Amino acid sequence: MKIRHFVLPSLVCIFLTTHLTPTANSQLAYTITASCSTTTVGRIPINDLGTGFYQGFQGGLYPNGRNQRPAVHDSAGRALASQVVPRNSSGGIDLVNGKIVLLSIGMSNATQEFSTFKSIADTTSSKNPKLAIVDGAQGGQTAAIISNPNANFWTVIDQRLTAAGVTRQQVQAAWVKEANASPTEGFPRHAQILDSQFVLIARILKSRYPNIMLAYWSSRTYGGYATTNLNPEPYAYESGFAVKWTITRQINGDTALTYSGPNARAPWLSWGAYLWADGLVPRSDGLTWICDDFVTSDRTHPSTSGRLKVAQMLLNFFKSDTTTKGWFLRSSSTSLPNYGSQLPQQFLLE
């Protein structure tokens with residue numbers, strides 16, 4: 001490992017160069033050269049990639065290079081969202097004293113970002129007073145770890161739910177952001193591994209939280225400034241394809257991710273906020289990542305500004321998406337949401 005320092009006015013940059021040695025399962029070894037000067041890695045955000053391809057895999061957040069949910073999947077999500085109503089501790093509908101729980105799932109970046117989102121959302125006047133936001137994400141808890149239903153991660157979430165005065169039966173929506181530590185496999189192998197773990201996580205969500213309807217996945221942020229091999233580029237970018245593939249599985253009818261009927265195995269899946277942008281190169285919506293959006297210790301975990309940036313993107317998403325705003329926001333007509341109009345008049349088994 002070779003470290004070189006140089007000084008610019010008001011900025012100290014560190015170049016750290018390290019070489020990853022392939023493991024027995026590696027398809028490709030990446031050389032990491034990262035610093036505050038790595039302001040771009042030359043990759044196109046998946047949403048901007050659209051119908052284009054990255055190493056043989058089409059862009060777009062959803063199938064066929066599109067960034068909008070397919071009509072059928074969107075309609076199903078809206079129908080399930082209409083069933084997200086306050087419930088009591090046993091899971092029974094209680095429009096007066098019940099709660100709706102939005103739970104986060106993930107690793108260190110996720111808990112840092114979601115806890116900031118929670119602090120902002122909880123003081124937002126437009127937030128549904130029946131909504132309880134609980135941060136279940138935990139440092140060091142990778143996708144490889146939490147895809148095991150017996151992992152202590154899930155026990156800690158139970159403790160956090162209890163501390164918040166709510167139960168598993170009141171969890172009805174989740175936000176998920178996950179990755180694996182120090183990956184070495186080439187693309188697409190490492191993303192395929194994540195995809196398979198995401199499927200397991202989705203199924204654990206339905207198993208532990210029987211009333212969960214919806215789960216929203218987000219991507220990693222930019223990893224080009226990383227000074228360690230914890231999860232640098234191109235892994236941060238490429239892991240976004242794992243999210244897309246998992247959601248696409250469900251859209252295409254994978255029975256392992258069935259979300260409707262009495263034999264539902266997973267919640268309905270969708271993108272939450274797509275968070276990756278190519279450093280200082282503006283995304284089509286203007287999103288960029290500067291070096292100071294990440295802590296100096298590893299330039300991987302978000303700094304205060306990075307946390308706020310993600311938190312605001314999440315708040316904008318939950319306040320505006322057609323499958324979230326009905327239960328996330330306070331009703332404009334009364335102090336409590338008008339759940340009565342959202343309750344289905346009948347249930348049909350398909």
Side-chain angles (χ1 to χ4, degrees), residues 74 76-106 110-111 113-137 157-177 205-206 208-218 259-260 264 266-270 272-273 311-347:
D74 183 68
R78 293 188 191 201
L80 289 170
S82 72
Q83 299 176 44
V84 175
V85 295
R87 296 178 181 272
N88 61 30
S89 60
S90 299
I93 295 175
D94 183 347
L95 303 184
V96 177
N97 298 311
K99 290 289 184 182
I100 298 168
V101 174
L102 169 61
L103 176 69
S104 71
I105 302 293
T111 186
E113 295 157 354
F114 194 83
S115 60
T116 300
F117 159 74
K118 171 178 166 58
S119 66
I120 296 173
D122 281 345
T123 58
T124 300
S125 60
S126 60
K127 171 180 166 283
N128 182 356
K130 295 296 183 181
L131 177 64
I133 300 174
V134 179
D135 180 21
I157 289 182
D158 284 345
Q159 296 167 353
R160 293 187 180 182
L161 290 172
T162 299
V166 292
T167 67
R168 289 189 194 180
Q169 287 71 25
Q170 292 169 303
V171 175
Q172 297 178 70
W175 176 73
V176 186
K177 178 179 177 178
L205 288 175
K206 190 61 178 178
R208 294 185 70 88
Y209 313 114
N211 292 312
I212 192 169
M213 301 289 181
L214 315 159
Y216 301 92
W217 251 255
S218 283
Y259 60 84
S260 61
W268 177 87
L269 307 180
S270 171
Q312 191 59 55
M313 292 176 70
L314 289 179
L315 185 62
N316 291 343
F317 171 79
F318 283 108
K319 290 173 67 174
S320 63
D321 191 80
T322 57
T323 66
T324 59
K325 61 183 181 180
W327 51 264
F328 187 86
L329 295 176
R330 178 194 298 268
S331 171
S332 59
S333 58
T334 63
S335 61
L336 294 178
N338 183 16
Y339 293 109
S341 63
Q342 297 181 5
L343 291 174
Q345 299 301 310
Q346 60 179 331
F347 293 87

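All of these numbers come straight from a predicted model, not from anything done at the bench.
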State, to 0.1 Å, how close [X] and [Y] come at their nearest heavy-atom pair, and which atoms those are.
X	Y	result
Pro86	Ile100	N-CG1, 3.6 Å
Ile133	Ala121	CD1-CB, 3.7 Å
Ala110	Ala137	CB-CB, 3.8 Å
Phe317	Tyr216	CZ-CD2, 3.5 Å
Ile212	Ala173	CG1-N, 4.0 Å
Val134	Ala164	CG2-CB, 3.9 Å

[X]: partners by side chain to side chain contact (heavy atoms under 4.5 Å, CB included), with sequence neighbours left out:
X	result
Thr167	Ser89, Gln169, Gln170
Ser126	Thr124, Lys319, Leu329
Arg78	Asp74, Thr322, Thr323
Ala264	Lys206

Inset, instruction - Name all pairs fulfilling the salt bridge (charged side-chain N to carboxylate O under 4.0 Å, His left out) condition that reach into residues 88-106, sequence neighbours left out, sorted by first residue then second. - result: none

Legend entry - Ring geometry between Phe318 and Phe328 (parallel below 30°, tilted from 30 to 60°, perpendicular above 60°): parallel

Inset, instruction - Fit a plane to each ring of Trp175 and Phe114, take the angle between them on a 0 to 90° scale, and name the class: parallel (under 30°), tilted (30 to 60°) or perpendicular (over 60°). - result: parallel

Inset, instruction - Determine whether Val101 and Arg87 make a side-chain contact, defined as any pair of heavy atoms from C-beta on separated by less than 4.5 Å. - result: no

Legend entry - Val176 side chain reached by Leu269 side chain, heavy atoms, under 4.5 Å: no

Inset, instruction - Answer with yes or no whether the side chains of Asp135 and Ser115 bring together a donor and an acceptor at under 3.5 Å. - result: no

Inset, instruction - May I have the step-by-step check of side-chain contact (heavy atoms from CB on, under 4.5 Å) for Lys127 and Arg330, ending in yes or no? - result: CA-CA 5 Å; Lys127 171 180 166 283; Arg330 178 194 298 268; over 6 Å; no

From [X] [atom1] over to [Y] [atom2], what is the distance, rounded to the nearest 0.5 angstrom?
X	Y	atom1	atom2	answer
Leu315	Thr116	CG	OG1	12.0 Å
Asn128	Leu131	CG	CG	6.0 Å
Leu205	Leu103	CG	CG	7.5 Å

Partners meeting side-chain hydrogen bond (donor to acceptor under 3.5 Å, both in side chains) with [X] (sequence neighbours left out):
X	answer
Lys118	Asp122
Asn88	none
Ser270	Tyr62, Arg69
Trp217	none

Legend entry - Worked verdict on Leu80 versus Val84 for side-chain contact (heavy atoms from CB on, under 4.5 Å): CA-CA 7 Å; Leu80 289 170; Val84 175; over 6 Å; no

Legend entry - From CA spacing to verdict: side-chain contact (heavy atoms from CB on, under 4.5 Å), Ile157, Ile105: CA-CA 9 Å; Ile157 289 182; Ile105 302 293; 3.5 Å; yes

Inset, instruction - With sequence neighbours excluded, tell me which residues meet salt bridge (charged side-chain N to carboxylate O under 4.0 Å, His left out) with Arg160. - result: none

Inset, instruction - Could I get the full list of ring pair (Phe, Tyr, Trp, His ring centres under 6.0 Å) partners for Tyr209, not counting sequence neighbours? - result: none

Legend entry - Under 3.5 Å: donor-acceptor pair, side chain of Asn211, backbone of Gln172: no

